Protein chains: 2
Amino acid sequence: MSTYGQFCPVAKAMEVLDERWTLLVVRELLAGSKHFNEVRRGVPKMSPTLLSKRLRSLERHGIVERTSNGSRATYALTPCGRDLVGVVTAMGLWGLRWIGEMGEDDLDPHLLMWDMQRTIPIHAWPRGRTVVRFDLDDVAPKSARWWLMVNGDVSDVCDFDPGHDIDAIVSTGLRTLTRIWRGDESWELALRAGSVTVGGTSDVRRAVPGWLGQSTLAQLAAVPA
Amino acid sequence: MSTYGQFCPVAKAMEVLDERWTLLVVRELLAGSKHFNEVRRGVPKMSPTLLSKRLRSLERHGIVERTSNGSRATYALTPCGRDLVGVVTAMGLWGLRWIGEMGEDDLDPHLLMWDMQRTIPIHAWPRGRTVVRFDLDDVAPKSARWWLMVNGDVSDVCDFDPGHDIDAIVSTGLRTLTRIWRGDESWELALRAGSVTVGGTSDVRRAVPGWLGQSTLAQLAAVPA
DNA sequence: CAGTATCCATTTCGATACTG
DNA sequence: CAGTATCGAAATGGATACTG
């Protein structure tokens, strides 16, 4: 960490937070990840060495607390770390408002499905096991099909057929699904425009947008403070 | 600028903003600086080459607009740039709340006086010319004495005697003055503890804290949202 | 005043492989 | 699972001097 030599609190904060990846790691911890490889899932392009380094640095700064219960290490935000929710949110809302364009490299079906799986409003789903399949038509075959399930109060996602009955099939492109998830487009408009189609009983088709919803940030943006 | 390869708006925002110095340049522009060397005053430890590079980068990203009226270049934030006030504020409030410790290198009388000069509530000062001298007792002689003046609706600061009558003398240490300015301590407590003394007529001595006030961020922090 | 030019030490980071 | 070890390429940025 290099310093700025300024008393200004913005500078003091940036000394800690302006390093590459740092705030994304915090975002993952805010989203609820507790273990090393759980965090990694949210920042798959970060090398484990670097993640380790960042976690250590955050620990040194009193933002993260690491506890090693026997063999399993657990990471948690301290109160100071939890208070970064304001920074992460401000950053995200600004990004959402002003950086609409995503390059091809920004689109990642793994990342998208993982984020959806952990964010969807489980309470809005039916009681029993419910499975939605996603067919992404513009993606290499091995990452084109995903199964998202809710059973009781647990959600799961995988890229292979888990063998259960499928309640709905969402067919669309990765970019479209990402844009809807981010809140750049609405389910309604996309469905009407035909850039997304949903298969299933008519009840289910009507319900799917409510099952999936949108990213946490999009929900915040929809309720302008 | 390197990329993160994530669709997440936080990542997209950080791609633009996580480079060293970037957000501090934005802070300066938000504070009202319009010209190259004006911005420099707020980030004196940044090399001009790098400042130039950052301004260009901000311009490319649609955050800053540069206009060259003849020979004088002017920088201004675009609406997108102005909207970063939320990010800068969140960052600053977090820094203020959680990073209290300042190293010796973080203390800079130039920077402090410059920030005070541009932030003080001029309307709270008397009508005629009013001069406050600062004597910093723990600073090298050549940076230990400062004159802060208000005349009409213009404030000024310098490190040499401008030759006007002095209305008040504030004697304290650089660290104390910085802490008060940031809002870490209050004028009242510092005066009572004797870590600051103010010379002048009793009316003036009572008025000085109100003339000086505190940094913009400290004012925001004092009104918890 | 408003920047450029140059140069190099240092850091940083990504890739890959490996370990208890 | 939860990291560490190693290495080299790239870039980052600080210092300094210079220009129209």
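Predicted model only: the values in this text are computed from it and were never measured. Residue numbers begin at 1 in each chain, while the letters A, B, ... track the order of the sequences.
- Side chains of W98(B) and L84(A) form no contact here, defined as non-hydrogen atoms less than 4.5 Å apart.
- When the side-chain nitrogen and oxygen atoms of W21(B) are compared with OP1 and OP2 of dG14(D), one or more of them lie within a distance under 4.0 Å.
- Considering only side-chain atoms of R56(A), the nucleotide from dC1(D), dG3(D), dT4(C) that sits closest is dG3(D).
- At the heavy-atom level, R40(B) lies nowhere under 4.0 Å from the strands shown.
- Protein atom NE2 of H35(A) is 10 Å distant from nucleotide atom C1' of dC1(D), rounded to whole Å.
- Side-chain atoms of L50(A) lie closest to dC13(C) of the nucleotides dC13(C), dA2(D), dT4(C).
- Closest to the side chain of S52(A), from the set dT4(D), dA15(D), dA15(C), is dT4(D).
- Here the side chain of N37(B) is nearest to one of dA2(D), dC1(C), dA17(C), namely dC1(C).
- Between M46(A) atom CE and dT4(D) atom P there is a gap of 13 Å when expressed in whole angstrom units.
- More than 12 heavy-atom neighbours from other residues, nucleotides or ligands sit within 6.0 angstrom of CG on N69(A).
- Closest to the A73(A) side chain, of the nucleotides dA15(D), dA2(D), dA2(C), is dA2(D).
- Remark: C1' of dA5(C) and CG of L51(B) are 16 Å apart, rounded to the nearest angstrom.
- Pairing for dA11(D) goes to dT10(C), judged as Watson-Crick or G-U wobble with the two contacts each under 3.5 Å.
- Cation-pi geometry between R20(A) and Y4(B) is met: under 6.0 angstrom from the ring centre, within 45 degrees of the axis.
- Here the P atom of nucleotide dG20(D) and the CZ atom of F36(B) are 17 Å apart, to the nearest Å.
- A straight line from NZ of K53(B) to P of dA5(C) spans 13 Å, rounded to a whole angstrom.
- Defined by atom type and a distance below 3.5 Å, a donor-acceptor pair is present between the side-chain atoms of R54(A) and T22(A).
- The interatomic distance linking R54(A) (CZ) with dG3(D) (P) rounds to 16 Å, in whole Å.
- Checking dA2(D), dT12(C), dG3(C) against every side-chain atom of E19(A), the shortest atom distance belongs to dT12(C).
- Between the CG atom of D105(A) and the P atom of dG14(C) there is a distance of 14 Å, given to the nearest Å.
- Contact annotation: R20(B) does not reach the phosphate of dT11(C) (side-chain N/O to OP1 or OP2, under 4.0 Å).
- Contact annotation: Y4(A) does not reach the phosphate of dG14(D) (side-chain N/O to OP1 or OP2, under 4.0 Å).
- The shortest distance between the side-chain N/O atoms of R72(B) and the OP1/OP2 oxygens of dC1(C) is not below 4.0 Å.
- For the pair V170(A)/R133(A), no side-chain contact is recorded, criterion being any heavy-atom separation below 4.5 Å from C-beta on.
- The nucleotide dG20(C) finds its pairing partner in dC1(D), both defining distances of the Watson-Crick or G-U wobble pair being shorter than 3.5 Å.
- With hydrogens and angles left out, the side-chain atoms of Q117(B) and S155(B) include a donor and acceptor closer than 3.5 Å.
- Between the C1' atom of dG13(D) and the CG atom of D18(A) lies a distance of 13 Å, rounded to the nearest Å.
- No hydrogens or angles were tested; on distance alone, a donor-acceptor pair under 3.5 Å links the side chain of T49(B) to the base of dA5(C).
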